[in-house]
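Read the structure below first, then the notes.
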Protein chains: 2
Amino acid sequence: MTNAKSEIFQQFAELARVLGQGNRLELLEHAAQGERSVERLAQLTGLSLANASQHLQVLRRVGFVRSRRDGKRMLYRLGDGPVIELLGALRRYAEHSRAEVRGIVSDYFNRLDSLEPVSREALVKRLDDGSAVLLDVRPEDEFALGHLPGALNIPFADLERRLAELPKDTQIVAYCRGPYCVLSFEAVAALRAKGYDIRRLEDGFPEWKAAGLPVGTVGAGNSP
Amino acid sequence: MTNAKSEIFQQFAELARVLGQGNRLELLEHAAQGERSVERLAQLTGLSLANASQHLQVLRRVGFVRSRRDGKRMLYRLGDGPVIELLGALRRYAEHSRAEVRGIVSDYFNRLDSLEPVSREALVKRLDDGSAVLLDVRPEDEFALGHLPGALNIPFADLERRLAELPKDTQIVAYCRGPYCVLSFEAVAALRAKGYDIRRLEDGFPEWKAAGLPVGTVGAGNSP
DNA sequence: TTGTCATTCAATCAATAACTTGACTGATTG
DNA sequence: CAATCAGTCAAGTTATTGATTGAATGACAA
C-alpha cells in the first residue's frame with residue numbers, strides 16, 4: 001500500500017539521482033549529439049577513461065543512453081525515452097528559479113537576450129519561404145551523424161576562412177548542440193560584427209530530433 | 001569557458017540531486033497539495049520531525065518549496081517555479097522506460113488502463129455541458145486549501161456513508177492528489193462495484209493548479 | 001517572566017558515491 | 001596465436017549524504 005507508493009518514489013528518485021551529477025549531465029549532453037566512443041566522451045568531458053565508462057554505465061542502467069559495439073569500440077548514444085524532455089524541464093526550472101544559472105548564462109553568453117533566438121516553428125516557416133539560410137556550426141563529425149535538413153555545415157573553427165559561402169543578403173539562422181552550446185552564440189557574435197544578418201536557433205540538434213522532426217545525414221542537403 | 005559550462009551542469013545537477021531522494025519527493029508531493037506544517041508533513045511521510053525539517057530545508061534551498069511562519073507553526077507549500085512540470089517530466093520518463101514503475105503502477109492500481117482516465121480538456125467540456133459531476137475524494141482539510149471549481153468533496157473514508165449525495169444517472173469524475181494518488185483509483189473501483197458510472201481524472205489537484213486553471217477554496221462551489 | 005510548543009541547529013555515525021589504480025576481457029591485427 | 005587496442009571490472013580511498021539524538025531558538029499563552 002504505502003509501500004508501493006514509496007517504491008514508486010524510490011524509482012523516480014533513482015532517475016533523478018543519476019542526473020544529479022554534473023559530469024554525467026555533461027556526458028549525456030555529448031551523447032545526445034550522436035554516437036560517440038567512450039574514449040571520445042572521456043576526452044570531451046575531461047574525465048578519466050574508467051570514470052567516464054562507469055558514469056556511462058550508470059546512465060545506461062536507467063536508459064538515458066544506449067550502447068552498441070562496433071569492432072573494439074563501444075559507442076554510446078542517447079536513449080529512446082523522453083530524455084531530452086526531462087533535461088528541458090530541468091533547464092527550464094533552473095532558468096526560472098536559480099539566479100546563479102541566469103547569472104552564468106547571461107555573463108557567459110554576452111547578453112543572450114539581445115541575440116533574439118528563433119523558434120523551431122519560425123525557422124520552418126522561414127526556410128519554406130526562403131527568407132533564411134540554415135547554418136550548422138558544429139564540427140564535421142557531429143554534422144555527419146545527423147543535422148537539420150538543408151543545413152550548411154561550417155564548423156565554428158572554419159568560419160573565418162569560409163565566409164564566402166555565406167550570403168550577405170539573406171538572414172542566417174545558426175544552431176549547434178543545444179541551448180547551452182556556445183558555438184552558435186559565438187558564431188552569431190562573430191558574424192554580426194562582420195555585418196551579417198544572423199540569428200540563433202533557440203534549440204539545438206538534439207531538441208530538433210527529439211521533437212520528431214526530420215533529420216538529415218551526410219549526402220542530403222549538404223552538397224558543396 | 002569550459003568552466004562556465006560545467007558550472008551550469010553543476011547547477012542543474014544540484015537540482016536533480018535534491019529530487020534524488022524518495023523521501024524528499026514524497027514531502028514535495030504532499031506540500032504540492034497545499035500548505036502543511038512540518039509536523040503534518042512528517043506524519044504524512046512517516047519521517048522523524050528533525051529529518052523532515054531538514055529535507056524541507058533542502059527543498060526550500062532550491063525553491064521547490066517555500067515556507068512562511070504562522071504563529072509557532074512553519075507552513076510549507078510548493079514553490080512557484082515550474083516544479084510540477086519537472087516532476088511530470090520525471091514521471092513520464094519513468095513510465096516510458098522503467099518496467100519496474102509500470103509494473104508497480106499496474107499491479108497496484110488494479111488494471112489502471114481499464115479505468116480510462118478523463119483528460120483535463122475533456123473534463124472541462126463535460127462539466128460545461130452538464131454531462132458529468134466532479135468528485136474530490138481527498139480529506140476535508142486538503143479540499144479546504146484548494147480544489148477544482150464545482151467539485152463535491154466526499155473524503156474517501158466517508159464514501160460509503162454518503163452515497164446518497166452522488167447521482168446514479170450522471171457520470172462522476174473523481175480526482176485526488178495526482179497521478180499516483182490511490183484515493184481516486186479506489187473510489188472508482190468501489191463506486192463502479194456499486195453500479196455508479198464513474199471515471200478518474202487523469203491529473204490531480206496540483207497539476208490542475210499548475211496549469212493555471214481556476215481553483216476554488218472553501219465556500220465556493222461546495223455548498224451543501 | 002516562565003513555560004510550552006513547533007521547529008531548527010549541531011554533533012555524530014553509518015551508508016553511499018565519485019574517483020583512482022591496476023588487473024581483466026573481447027575484438028581486431030600482425 | 002600472440003600483441004594490441006578499447007573498454008570494463010574490482011578494490012580501495014576520500015568525500016558526501018541521510019538519519020538520529022539532544023540542545024537551542026522563536027513565538028505565543030498563562
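Reminder, nothing fancy here: chain letters follow the sequence lines and each chain counts from 1.
- The shortest distance between the side-chain N/O atoms of A:Ser48 and the OP1/OP2 oxygens of C:dT20 is below 4.0 Å.
- The listed nucleotides are D:dC9, D:dG18, D:dG22; the one nearest the side chain of B:Ala50 is D:dG22.
- Between the side chain of A:Asn153 and the main chain of A:Arg138, a donor-acceptor pair closer than 3.5 Å is present.
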Evaluate the ring pair (Phe, Tyr, Trp, His ring centres under 6.0 Å) criterion for residues B:Tyr93 and A:Phe12: first the C-alpha distance (whole Å), next the side-chain angles of each, then the deciding distance (0.1 Å), finally the verdict. CA-CA 9 Å; B:Tyr93 181 82; A:Phe12 288 10; over 10 Å; no
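- Using a 4.0 Å cut-off, no side-chain N or O of A:Arg17 falls inside it from OP1 or OP2 of C:dT16.
- An OP1 or OP2 oxygen of D:dT8 is reached within less than 4.0 angstrom by a side-chain nitrogen or oxygen of A:Ser53.
- Note: CG (B:Leu56) to P (D:dA19) measures 12 Å, nearest angstrom.
- You'll find that the side chain of B:Asn51 is closest to D:dT20, out of D:dT20, C:dC19, D:dT8.
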Begin from the C-alpha positions of B:Arg61 and B:Glu14 and carry the test salt bridge (Lys or Arg N to Asp or Glu O under 4.0 Å) through to its verdict. CA-CA 10 Å; B:Arg61 207 168 300 140; B:Glu14 193 188 333; over 6 Å; no
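- At whole-Å resolution of the value, CZ in B:Arg24 and P in D:dT16 are 16 Å apart.
- Not one N or O on the side chain of A:Arg69 forms a donor-acceptor pair closer than 3.5 Å with the backbone of A:Met74.
- Judged by distance alone, with hydrogens and angles left aside, the side-chain atoms of B:Ser53 form no donor-acceptor pair with the main-chain N or O of B:Leu49 at under 3.5 Å.
- Summarising the geometry, the separation between CG on A:Leu49 and C1' on C:dG22 is reported as 13 Å, rounded to the nearest angstrom.
- Atom P of nucleotide C:dT21 and atom CG of A:Leu47 are separated by 14 Å, given to the nearest angstrom.
- When only modelled atom types and interatomic distance are considered, A:Asp136 and A:Tyr175 share a side-chain donor-acceptor pair under 3.5 Å.
- If you check residues 32-44 of chain B against DNA chain C, the residues with a heavy atom closer than 4.0 Å are B:Ser37, B:Val38, B:Glu39, listed by number.
- The phosphate of D:dC9 (OP1 or OP2) has a side-chain N or O of A:Gln57 nearer than 4.0 angstrom.
- Although no hydrogens or angles enter the test, the distance criterion places a donor-acceptor pair under 3.5 Å between the side chain of A:Gln33 and the main chain of A:Arg177.
- In this entry the distance linking CZ of B:Arg61 with P of D:dG18 reads 11 Å, nearest Å.
- Atom-to-atom, CD of A:Gln54 to P of C:dT20 comes out at 10 Å; the value is rounded to the nearest Å.
- Applying a 4.0 Å cut-off to non-hydrogen atoms, the residues of residues 67-79 of chain B that approach DNA chain D are B:Arg69, B:Gly71, listed by residue number.
- In this structure, of C:dA18, C:dT8, D:dG18, it is D:dG18 that holds the atom nearest to the side chain of B:His55.
- Judged by distance alone, the side chain of A:Arg17 and the main-chain N or O of B:Gly20 form a donor-acceptor pair under 3.5 Å.
- A ring-centre distance under 6.0 Å is not found for A:Phe205 and A:Phe143.
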